[in-house]
Amino acid sequence: MTSTSSTGGYKTEKSWKYWLPKDISILMVLLGTALIFEILGWFIAGQSFIFNTQRLTIIILQMSIIGIIAIGVTQIIIMAGIDLSSGSILAFTGMVAASLAQTSDFTRAVYPALTDMPILVPIFAGILMGFVLGGVNGGLIAYSGIPPFIATLGMLVAARGLARWYTSGSQVSFFIDDYAILGSGIIPVIIFLTTAMAFHFLLRYTRYGRYTYAIGSNEQAARVAGINIRAHKVLVYTLAGGLYGLAAVVETSRTLTAQSGAGMLYELDAIAAVVIGGTSLMGGKGRITGTIIGVCILGVITSGFTFLGIGSFYTNIVKGIIIVAAVVTDQYRNNNNGNR
Amino acid sequence: MNNQDDIILRTENLTKHYGGVHALEEANFTLKKGEHIAIVGDNGAGKSTFVRQITGVEQPTSGDMFFEGKQVEFNSPLEAREAGIESVFQDLALCNDLDVPSNLFLGREELLFKFGPFSILDEKKMMEKAKEVLERTAIKIPNLSNHVGDMSGGQRQCVAISRSASFASKLIIMDEPTAALGVQETTQVENIIRGLKEQGVPLILISHNLRQVFDLVDKIWVFRRGRIVGEVIASETDGNEIISMITGMQGGVHEKDSYI
């Protein structure tokens, strides 16, 4: 059942399985989960879960923010790293962006002299601050040898502290009208999907992606192949930080407020989405398309439990079980040869 | 004395200390163009340490190195590769989650469009070139699109060797290339090494397998306790003499046939 194409005695084609969508098994999990809620919906709530455009829109909108973060986390985990600081970085970068998006009508703006700025200023400020904090993560990991778990744990605490320090704990609101556009309607979804496509391309077709997979697969091999491991790690964490900054801009625009407590536990949702989407915590394997489906699975579960009127603590218990199941599946796959 | 023009690699008093551990002491080594030599020695004799210094994986504590007559200092494996020194490492420096062309071209990808780290890969060209390279070395790999992690140890080693042999290298260094291979796979690798000899590509082979050493190389360098203790022409010595040099014990340890 393999394709017959071969040249010079060497087969270069994959078996028929190659041509199936790579994430078909995860897609089936998504459809199965939605189907379970659909059936339960008719029995318990007496209405459809899936065929409700309003609900679907809310699921997608809610998950766009986690989705943008999860894209950054996907490439880090492919590189055999981890990032626990995304939620805290989102909180701080959101404060920075929001403080530059305030209107002059509000007399107690964070920077009274910097009100009514063009919309690009807060957007770039948020993303830039994300780059900086992501770069600090990457620099610590690459140059000091601190394990990613510890370095980003430090950033988790430090960035949350920065977010509180920035306005002494007060929230930031009263934005210029344009700023609200980024979080309105379908725009967050468009931003999420555009970012996903861009990073899918980067990981699949560029040197950036090749080196990310190579380092995650065998760092020693990548080093002797002449790849500048440290520089690449800094770059990957920096770009991830930029994505957290982008997510922060979208989040503050959607909620029309920035507060130091924002993004709490987003890092775990993002990691969960990545792992559910088939990216291996061991590194070297994973895809953005899988992460998109992973994000949708999380969204369906959260929304489904709300729909059925089941308490959020049950949602967290189920999420926890799914994450552990995903990791166990990953280990099983690793022990029995996986494929990227 | 060697004619300087014939020498491709020379080290003078190359020394490597790891803190208080003297892993390599004043190694004076020469390799002529087209020559195939073996480095032998017991575990901890300094063989791999020596190779790590000349391939830029580590930097020597002191001493000088000359490649093609010029003094060189390699600060990274990439610099050594750019100079034309290719290595096949003991621990199979391959990425299991990448396919054959991705491994062959890792660190020197063919590009469609150059833009620093975001350069776009020319996968088609790499696949074509990979086929050419493997055909040249007569290596049998069932499917080049498979991940290297899905292949047998022999196929993986062949990929690693063909990576070294395929990039117009001026010197190839192999550290225990057949240590983990079966009989048939070992023969395949040895045939590749013989092919390199015919092509005139110089080779440094580190091996514990004296049968293989005598079969494949012109000269044998013996290391003991971080020092070079001798260099002998392979055709003018025997296994017993080499064992004596490796162990430092004189007067034949066993019958020579048992070593070869």
Side-chain angles (χ1 to χ4, degrees), chain A residues 2-3 5-15 18 78-80 198-199 201-232 234-236 238-239 279-280 282-286 333-334 336-340, chain B residues 52 55-57 76-82 87-89 91-109 111-124 126-128 130-132 134-135 138-150 160 163:
Chain A
T2 51
S3 171
S5 170
S6 67
T7 315
Y10 292 104
K11 283 184 201 159
T12 57
E13 301 298 325
K14 301 274 190 183
S15 73
Y18 177 81
I78 288 173
M79 201 176 62
F199 274 81
F201 181 84
L202 275 183
L203 286 175
R204 179 69 188 80
Y205 298 106
T206 71
R207 202 174 231 175
Y208 174 83
R210 181 61 45 85
Y211 290 0
T212 305
Y213 281 104
I215 294 170
S217 183
N218 185 345
E219 187 170 327
Q220 177 66 18
R223 182 174 289 114
V224 297
I227 296 172
N228 188 337
I229 308 280
R230 286 175 168 171
H232 194 78
V234 173
L235 182 61
V236 169
T238 303
L239 288 193
T279 296
S280 169
M282 308 294 287
K285 299 184 188 77
R333 259 183 302 183
N334 276 323
N336 296 280
N337 283 332
N339 64 47
R340 189 176 67 188
Chain B
R52 283 199 293 272
T55 52
V57 174
S76 70
L78 183 62
E79 287 183 16
R81 279 173 78 173
E82 281 171 349
S87 323
V88 180
F89 288 98
D91 50 3
L92 285 169
L94 295 174
C95 293
N96 286 344
D97 301 299
L98 300 181
D99 60 16
V100 176
S102 305
N103 268 291
L104 284 179
F105 289 89
L106 192 61
R108 53 190 157 200
E109 293 77 10
L111 302 172
L112 272 177
F113 173 74
K114 275 191 184 175
F115 190 60
F118 305 114
S119 302
I120 297 171
L121 303 170
D122 190 343
E123 303 226 35
K124 203 174 161 191
M126 286 192 273
M127 181 60 87
E128 292 301 319
K131 275 186 271 180
E132 282 173 27
L134 294 173
E135 272 165 20
I139 291 168
K140 296 278 180 288
I141 306 281
N143 191 334
L144 301 189
S145 296
N146 282 353
H147 288 168
V148 166
D150 297 335
R163 178 168 71 181

Exercise for review: Can you measure from OG (B:Ser119) to CZ (A:Arg210) and round to the nearest 0.5 angstrom?
Suggested key: 12.5 Å
Review point. Chain B heavy atoms under 4.5 Å from A:Leu235: which part of the residue, side chain, backbone, both or neither?
Key: side chain
Practice item. Determine the minimum heavy-atom distance between A:Ser217 and B:Asn96, stating which atoms define it. Key: OG-N, 3.1 Å
Exercise for review: With rounding to the nearest 0.5 Å, note down the distance linking CG in B:Leu94 to CD in A:Gln220.
Suggested key: 12.0 Å
Exercise for review: Check B:Phe118 against A:Thr206 and note the closest heavy-atom contact, atom names and distance.
Suggested key: O-CG2, 3.8 Å
Practice item. Check each atom of B:Glu109 against the heavy atoms of chain A and say whether the ones under 4.5 Å are side chain, backbone, both or neither. Key: both
Review point. Do B:Ser87 and A:Val224 touch side chain to side chain, with heavy atoms closer than 4.5 Å?
Key: no
Review point. Of the backbone (N, CA, C, O) and the side chain (C-beta and beyond), which part of A:Ile78 lies under 4.5 Å from a heavy atom of chain B, both, or neither?
Key: neither
Check your understanding: If every non-hydrogen atom of B:Leu98 is compared with every non-hydrogen atom of A:Ala214, which pair is closest and at what distance?
Key -> CD1-CB, 4.0 Å
Practice item. Flag the one option from B:Asn103, B:Leu111, B:Leu121, B:Thr55 with the top tally of heavy-atom pairs under 4.5 Å to chain A. Key: B:Leu121
Exercise for review: Select one option (side chain, backbone, both, neither) describing which atoms of B:Ser102 are under 4.5 Å from chain A's heavy atoms.
Suggested key: both
